[in-house]
S.K.: 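First, the structure itself, so that you have it in front of you.
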Amino acid sequence: MNSVTTQNPIKITQITDTHLYGTPSGTLLKMNTAVTLNHVLELVKANESGTDLVLVTGDIAQDASDKAYGSFLETMSGLNAPFRWIPGNHDNITVMNRIAEGTGASEKTAQLNNWLIVLLDSSILGQVHGKLSKTEIKFLASALRSAEKDDSIDHCLITLHHNPVPGNSAWMKDIGLENAIEFFNTLRSSKKVKCVLYGHIHQELDFMHEGVRCLCTPSTCIQFKPSVTSFCLDRVNPGYRSLQLFADGSIESEVKRVSGETFEADYNSPGY
Ligand SMILES: [Fe+2]
């Protein structure tokens, strides 16, 4: 793991659930995901100068194709910032690792000043819900154990794709992280864990759970309406999250959405 000394606060940008296709004309519920990603990245460029690290938290490709990941990498190169990616339920980790070879994008930890960022794979190939495998839980426990002993690390941010706290809509009941209790039990082994950051449920959330700040971030394409019984798209625009990680462990964070544009989508769809 490379330790990087940078500005204080550390500036992180989170992009999630881009759902790109192998062809640029690909649409998800009639929304062109390549077009909306470009709008979001223009907003990032306008607002986030000096980003230390971009975290891309899964569902990068809708079809897990080489071409979709290739076009994601090409689009991201316009940001001129280092990034890390983790898989979501629509992704294929083997394809991602092959495409990212030599770029550092698949590295699972990053230390910036006195913050450690841990990136977890919660995907199960072919399944919508997520689970941290035995290997992944072991890796997390070991990373936290090392962090506890390391005087250069005071705070940890953990990121994964799936929601480790049940979603606020009845239809989300079975799509979150299956072993969330084991996950939070593992986090409890370290007092340095300050934040859990995720995507998957395509909406903005900011709340405390088990003493840890939980942040969920809107997709760069379709949005899921919160607190409903059945699946329903929300008529709010795509966006991203900016985070400022301070040396004292505090976090300032804000979701920013594209404005002045209306994007077509199938708002009456019963599912996705
Ligand atoms: Fe997604």
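Because only heavy atoms are used, hydrogens play no part in the values below, and waters and symmetry mates are left out as well, while side chains stay in. The first residue in the sequence is number 1, and the count goes up from there. Atoms within a ligand are numbered from 1 in the order they appear, just like the ligands themselves.
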S.K.: Is there a donor-acceptor pair closer than 3.5 Å between any side-chain N or O of D91 and the backbone N or O of A61?
M.R.: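 Here the side-chain-to-backbone pair exists.
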S.K.: Is K108 salt-bridged to E136, cutoff N-O under 4.0 Å?
M.R.: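 E136 and K108: salt-bridged.
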S.K.: Taking side chain as C-beta onward, heavy atoms only, is L73 less than 4.5 Å from W85?
M.R.: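 The answer is yes, as the side chains (C-beta and beyond) meet within the 4.5 Å cut-off.
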S.K.: So that I can check it, does any N, O or S atom in H202 come closer than 2.8 Å to the Fe ion (ligand 1)?
M.R.: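 Coordinating: yes.
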S.K.: Is the shortest distance from a Lys or Arg side-chain nitrogen in R145 or E148 to a carboxylate oxygen in the other one below 4.0 Å?
M.R.: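 Salt bridge flag = no for E148 with R145.
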S.K.: I need the OD2(D59)-the Fe ion (ligand 1)-OD2(D17) angle, rounded to 10 degrees.
M.R.: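 The OD2/OD2 angle about the Fe ion (ligand 1) sits at 90°.
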S.K.: When you measure from the Fe ion (ligand 1) to the N, O or S atoms of H90, does any of those distances fall below 2.8 Å?
M.R.: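 No, outside the cut-off.
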